[in-house]
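For reference, the structure is listed below as structure tokens.
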Amino acid sequence: MLKKFIFGSAALAISACGNDAGSVTDAPADPPIEPPAFAVNDYSDTANWLCHPDKSDDACSIDLTATEILADGTTTRLPHTPAAEPAFDCFYIYPTVSFDVTPNSDMIAGPEELNVVANQFARYGETCRLFAPIYRQTTLLELQKQMTAGQTAADDAMRYADVIGSWNTYLANENNGRGVVLIGHSQGASMIYQMLEKDIVGSPAQEKLIAVHAIGYETVIDPSTGRASGLPVCSSPSETGCIVSFASFRESSPPPEDSFFGKAQDGKRAVCTNPAALGGGQGDLKAYMPRQSLGRLAPNDYGVAVDTPFVSLPGLLSAQCLANDTHDWLAVTIHADPADPRADDIPGDLVFNGKVVPDWGLHLVDMNLAMGNLVDLARTQEQAWLDAQNAE
């Protein structure tokens with residue numbers, strides 16, 4: 001049996017067989033720890049956050065008013081009211097949005113970072129305090145190079161150091177025993193899965209996890225445990241400490257065989273949880289779509305003119321998880337009626353050279369499609385987590 005004891009930088013290897021001690025020899029000295037090749041960000045400084053309760057120009061403190069458009073064209077304004085004294089926290093890592101021309105983005109938030117926070121995260125403020133760090137993510141330009149050439153110059157260690165550094169600063173300075181929902185999309189979701197696997201699962205921080213809403217990036221189920229990234233997959237709204245994940249595609253356009261999103265890997269199935277029906281089956285999506293359109297529709301073209309930042313379309317969209325030999329995905333059905341004044345389609349497809357890129361599905365609006373469902377789910381999960389804490 002080989003036992004290794006480490007005292008500072010010295011190491012001794014002691015080999016023993018039965019009760020007979022072998023010789024003691026000096027083991028090679030551990031190599032010196034190299035400092036990172038990048039500056040470490042100070043996340044106690046609110047300048048390094050997009051959203052933070054103590055930040056004066058908080059990116060989440062914005063107008064999220066929506067116009068509800070019914071099938072008959074009737075409209076109602078839906079104001080957004082942040083929770084006055086939320087008992088829980090939400091921590092968000094945003095997707096690939098940076099237009100910076102370097103492999104990793106800088107720490108200056110541009111319009112693209114502000115826009116994605118509005119679309120994917122700020123509405124969670126109805127139920128929790130909001131924390132969203134700026135991080136030096138892989139940029140859009142670098143992602144394009146990676147997809148075409150299969151190589152990247154982005155510094156993965158740097159972006160992860162930012163994400164885990166901001167998380168650890170939040171835990172040390174802000175958490176104070178509160179429950180927290182981890183939220184992310186695409187590259188942001190991939191960062192969250194790394195956090196879970198490297199630093200959270202099995203640590204004291206896991207007990208603080210109300211839930212994980214990590215959307216639009218691959219995570220697969222380990223058939224031996226039924227878990228994904230170390231956590232169970234959510235199967236009911238009152239379940240806590242679990243993962244919600246999906247990749248959305250139009251019901252009429254399932255993922256092609258080469259689509260990354262929702263793809264099974266090494267015999268393991270991708271996670272698909274329907275936030276509108278966690279127990280399975282079809283559910284109505286409570287979408288909050290941007291007035292400024294993405295994809296095929298012209299700006300403001302929801303059939304009725306609106307002047308609010310977001311649009312709600314009750315009854316138009318539903319979804320269910322589907323599967324085939326290669327993929328698991330959230331199939332979105334549009335219940336269009338050409339006879340009514342409301343639009344019969346939604347934006348969200350990735351369009352390149354005038355053509356829809358089918359293997360991306362509705363990735364651009366994954367979270368818009370189910371934003372109301374996700375916020376409702378967070379509220380229910382938060383209360384279930386608190387009830388469990390009080391019962392102990």
Side-chain angles (χ1 to χ4, degrees), residues 62-80 95 97 111-112 115-123 185-186 215-216 246-255 261 274-277 282-322 329-376:
I62 54 175
D63 182 12
L64 297 175
T65 305
T67 298
E68 178 185 77
I69 306 176
L70 300 180
D72 63 3
T74 303
T75 63
T76 304
R77 292 177 74 90
L78 304 177
H80 166 75
V97 293
E112 60 270 32
N115 180 65
V116 78
V117 164
N119 277 277
Q120 295 191 347
F121 183 56
R123 200 169 295 276
H185 181 252
S186 197
I215 314 301
F246 61 84
S248 59
F249 287 80
R250 294 176 183 271
E251 184 273 335
S252 57
S253 300
F261 302 108
N274 181 0
Q282 193 95 3
D284 291 334
L285 293 176
K286 298 179 181 180
Y288 283 91
M289 304 300 293
R291 180 188 66 188
Q292 198 68 24
S293 166
L294 299 170
R296 295 190 301 181
L297 296 184
N300 307 330
D301 190 6
Y302 289 97
V304 178
V306 298
D307 60 1
T308 57
F310 291 92
V311 174
S312 172
L313 304 162
L316 183 63
L317 306 173
S318 66
Q320 63 179 325
C321 286
L322 296 179
W329 70 98
L330 188 68
V332 177
T333 300
I334 301 175
H335 303 279
D337 182 355
D340 67 35
R342 189 169 63 177
D344 296 324
D345 201 358
I346 57 167
D349 305 279
L350 178 65
V351 178
F352 184 71
N353 286 337
K355 295 182 179 180
V356 171
V357 183
D359 56 330
W360 277 63
L362 292 169
H363 182 73
L364 298 181
V365 292
D366 278 332
M367 294 192 69
N368 294 89
L369 292 169
M371 181 51 63
N373 308 89
L374 290 167
V375 172
D376 289 347

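What's counted below: heavy atoms across the whole structure, side chains too, no hydrogens, waters or symmetry copies.
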What residue among Val357, Leu364, Leu362 forms side-chain contact (heavy atoms from CB on, under 4.5 Å) with Asp349?
Leu362

Compare every heavy atom of Leu330 with every heavy atom of Phe246, then report the nearest pair and how far apart it is.
CD1-CD2, 3.6 Å

Sequence neighbours excluded, the answer for salt bridge (Lys or Arg N to Asp or Glu O under 4.0 Å) partners of Asp307 is Arg77

Is there side-chain contact between Ile334 and Asp345, with at least one heavy-atom pair below 4.5 Å?
yes

Are side-chain heavy atoms of Asn368 and Ile346 found at a separation under 4.5 Å?
no

Can you name the side chain to side chain donor-acceptor pair (under 3.5 Å) partners of Thr75, sequence neighbours left out?
none

Verify side-chain contact (heavy atoms from CB on, under 4.5 Å) between Leu369 and Met289, making sure each step is shown before the conclusion.
CA-CA 7 Å; Leu369 292 169; Met289 304 300 293; 4.2 Å; yes

Between the side chain of Asn373 and the main-chain N/O of Leu285, is any donor-acceptor distance below 3.5 Å?
no

Please report the interatomic distance NE2(His80) to CD1(Ile62), rounded to the nearest 0.5 Å.
8.0 Å

Are the side chains of Gln120 and Pro95 in contact, using a 4.5 Å heavy-atom criterion?
yes

Donor-acceptor pair, distance only, cut-off 3.5 Å: does the side chain of Asp284 make one with the backbone of Ser318?
no

Taking the six-membered ring for Trp, are the ring centroids of Trp360 and Phe261 within less than 6.0 Å of each other?
yes

Minimum side-chain heavy-atom gap Phe310-Arg123 below 4.5 Å:
yes

When rounded to the nearest 0.5 Å, the distance separating NZ of Lys286 from CD of Glu68 is 11.0 Å

Of all heavy-atom pairs between Gly348 and Val365, which one has the smallest distance, and what is that distance?
CA-CG2, 3.7 Å

Heavy-atom distance under 4.5 Å between the side chains of Leu64 and Pro309, does that happen here?
no

Suppose we screen for ring-ring contact (aromatic ring centres under 6.0 Å, His included). Which residues come up paired with His185, at least two apart in sequence or across chains?
His363

